[in-house]
Amino acid sequence: MDFRRISNISVDCVILSFDTLSINVLLSRRNLQMFDEQHPVVDDWILTGDHVFKSENLDKSALRIFNKATGLDNAFKNQFRTFGNPERIKNEKDLLWIKSKGGNPHTMSVAYYFLLPSDRISLNNKNTSWFHIKELPSLGFDHKQIIEYALSDLKQKVLVEPMIFELLPDKFTLNQLQAAYETVLDKNIDNRNFRKKAVSKTYIVPLDEKQTGASKKPANLYMFSRDIYNRTSKPNQIINI
């Protein structure tokens with residue numbers, strides 16, 4: 001395998017998880033101190049990313065980056081946009097960071113987002129942390145814009161594809177499902193209508209189990225059946241509920 005990096009092609013990964021009532025994004029700490037008054041101190045956060053190896057295709061590069069950040073081998077991923085504006089890297093801190101890494105300031109970035117429930121990751125790297133999507137810290141490069149594009153794409157796709165279930169545990173309650181939709185779409189959904197529509201979907205399968213650890217009356221658990229969904233749903237069928 002050729003581990004040489006392509007200097008002007010990178011992959012940035014927007015790793016998203018759902019935790020109760022919030023969408024969170026995984027960020028990496030960026031820190032650089034030149035100990036020179038002529039250069040600013042770089043201390044902020046960026047998306048997890050890297051340049052593409054010469055022997056990799058884009059998907060393999062994205063999976064490598066995802067694995068390094070999370071320790072996981074796979075999760076739902078979607079390539080959603082390429083950022084290639086030659087002026088996208090022009091901030092002094094960004095240029096200093098690129099120079100310190102021997103990179104190319106005229107870099108094209110291919111962006112992916114990954115979806116997974118929060119209980120799948122146990123972070124062991126002190127340089128990575130989860131942030132609420134509406135409470136982001138200072139971000140380097142154009143990564144705030146990349147996150148915004150990822151969320152916009154996700155909002156559209158959950159209305160026509162069963163991507164919402166990628167953010168939920170294998171067994172979930174209808175309240176968790178509703179909360180996931182409300183959080184991604186950033187709007188309230190009528191509870192009664194939602195539950196009526198949800199239980200009518202054959203691919204949302206009721207289980208003979210109840211939620212454990214709940215302080216109130218335990219709720220019934222459900223699972224998503226991709227097999228039933230593939231057999232019963234038409235392409236681009238609206239599945240929002």
Side-chain angles (χ1 to χ4, degrees), residues 1-17 23-34 39-116 121 123-131 133 136-154 157 163 166:
M1 184 172 182
D2 192 340
F3 293 101
R4 290 177 297 169
R5 287 173 167 80
I6 302 174
S7 65
N8 63 342
I9 302 178
S10 66
V11 166
D12 283 310
C13 296
V14 184
I15 302 173
L16 300 171
S17 73
I23 295 291
N24 302 300
V25 60
L26 187 65
L27 299 177
S28 297
R29 188 74 176 267
R30 182 176 74 159
N31 187 274
L32 178 65
Q33 170 63 273
M34 300 293 290
H39 298 295
V41 174
V42 180
D43 187 8
D44 53 17
W45 296 82
I46 56 176
L47 291 169
T48 299
D50 194 7
H51 287 271
V52 177
F53 291 160
K54 286 183 177 292
S55 57
E56 285 180 326
N57 61 35
L58 293 172
D59 278 3
K60 285 185 177 180
S61 182
L63 286 171
R64 169 175 59 83
I65 294 165
F66 173 77
N67 173 262
K68 184 177 180 180
T70 66
L72 300 175
D73 293 325
N74 62 78
F76 176 88
K77 72 179 186 307
N78 181 54
Q79 182 189 133
F80 65 95
R81 192 179 178 92
T82 298
F83 296 82
N85 187 333
E87 300 295 321
R88 62 184 292 260
I89 301 177
K90 58 183 179 180
N91 179 277
E92 185 179 5
K93 291 183 179 181
D94 297 337
L95 291 171
L96 183 62
W97 180 262
I98 290 291
K99 184 178 180 180
S100 74
K101 300 297 181 180
N104 188 334
H106 294 162
T107 295
M108 176 178 65
S109 179
V110 181
Y112 287 75
Y113 58 78
F114 286 78
L115 305 178
L116 67 167
I121 295 184
L123 295 182
N124 297 316
N125 188 340
K126 65 180 181 180
N127 292 319
T128 60
S129 185
W130 289 106
F131 288 88
I133 206 67
L136 297 176
S138 176
L139 293 172
F141 302 115
D142 54 355
H143 289 184
K144 184 174 186 295
Q145 182 186 40
I146 292 177
I147 293 172
E148 290 172 350
Y149 273 107
L151 291 174
S152 177
D153 188 85
L154 178 59
K157 292 249 181 8
M163 292 166 56
E166 305 292 345

Result block: side-chain N/O donor-acceptor pairs under 3.5 angstrom for residues 77-84, not counting sequence neighbours:
residue: Asn78; atom: ND2; partner: Tyr113; partner atom: OH; Å: 3.2
residue: Asn78; atom: ND2; partner: Asp153; partner atom: OD2; Å: 3.1
residue: Gln79; atom: NE2; partner: Tyr112; partner atom: OH; Å: 3.0

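Here the closest heavy-atom approach between residue Ser109 and residue Asp12 is recorded as OG-OD2, 2.6 Å. Closest approach of Pro40 to Leu96, counting heavy atoms only: O-CD2, 3.6 Å. For Trp45 against Asn127, the heavy-atom pair with the smallest separation is CZ3-O, 3.9 Å. Between Cys13 and Ile65, the shortest heavy-atom contact is SG-CG2, 3.8 Å. Across all non-hydrogen atoms, the minimal contact from Ser61 to Val11 is OG-CG2, 3.8 Å. For Arg64 against Arg5, the heavy-atom pair with the smallest separation is NH1-NH2, 4.4 Å.
Just one of Ile9, Val110, Asn57 meets the side chain to side chain contact (heavy atoms under 4.5 Å, CB included) condition when paired with Val52; it is Ile9.
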Using side chain to side chain contact (heavy atoms under 4.5 Å, CB included), reason through Val25 and Trp130 one step at a time and then give a plain yes or no.
CA-CA 6 Å; Val25 60; Trp130 289 106; 5.5 Å; no
Candidate pair Leu47 and Leu139, rule side chain to side chain contact (heavy atoms under 4.5 Å, CB included), full reasoning:
CA-CA 8 Å; Leu47 291 169; Leu139 293 172; over 6 Å; no
task = Could you go through the side chain to side chain contact (heavy atoms under 4.5 Å, CB included) check for Leu115 and Met163 one step at a time?
result = CA-CA 8 Å; Leu115 305 178; Met163 292 166 56; 4.0 Å; yes
Worked verdict on Lys68 versus Asp50 for salt bridge (charged side-chain N to carboxylate O under 4.0 Å, His left out) = CA-CA 11 Å; Lys68 184 177 180 180; Asp50 194 7; 5.8 Å; no
- Message: Apply side chain to side chain contact (heavy atoms under 4.5 Å, CB included) to residues His51 and Ile6 and explain how you reach the verdict.
- Response: CA-CA 6 Å; His51 287 271; Ile6 302 174; 5.7 Å; no
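Once rounded to the nearest 0.5 Å, the distance linking OG of Ser7 with NE2 of His106 reads 11.5 Å. Between atom CG of residue Asn24 and atom CD1 of residue Ile15 there is a gap of 12.5 Å, rounded to the nearest 0.5 Å. Taken from CD1 in Ile23 to CG in Leu16, the straight-line distance is 6.5 Å, to the nearest 0.5 Å. Rounded to the nearest 0.5 angstrom, Asn31 CG and Gln33 CD are separated by 8.0 Å.
Side chains of Ser28 and Thr48: a donor-acceptor N/O pair is present below 3.5 angstrom, by distance only.
Side-chain atoms of Ile89 and Leu95, non-hydrogen and from C-beta on, do get closer than 4.5 Å to each other. Side-chain contact between Leu27 and Pro137: present, with at least one pair of heavy atoms (C-beta onward) separated by less than 4.5 Å.
A donor-acceptor contact shorter than 3.5 Å links the side chain of Asn67 to the backbone of Leu72. Judged by distance alone, with hydrogens and angles left aside, the side-chain atoms of Ser55 form a donor-acceptor pair with the main-chain N or O of Asp2 at under 3.5 Å. Not a single donor-acceptor pair under 3.5 Å links the side chain of Ser152 to the backbone N or O of Glu148. Between the side chain of His143 and the main chain of Ile46, no donor-acceptor pair closer than 3.5 Å is present. The closest donor-acceptor contact from the side chain of Glu56 to the backbone of Phe53 lies under 3.5 Å. A donor-acceptor pair under 3.5 Å is absent between the side-chain atoms of Asn104 and the main chain of Thr107, judged by distance alone.
Among pairs with a residue in residues 84-100, those fulfilling side-chain hydrogen bond (donor to acceptor under 3.5 Å, both in side chains) read Arg30-Asp94, Arg88-Asp142, at least two apart in sequence or across chains.
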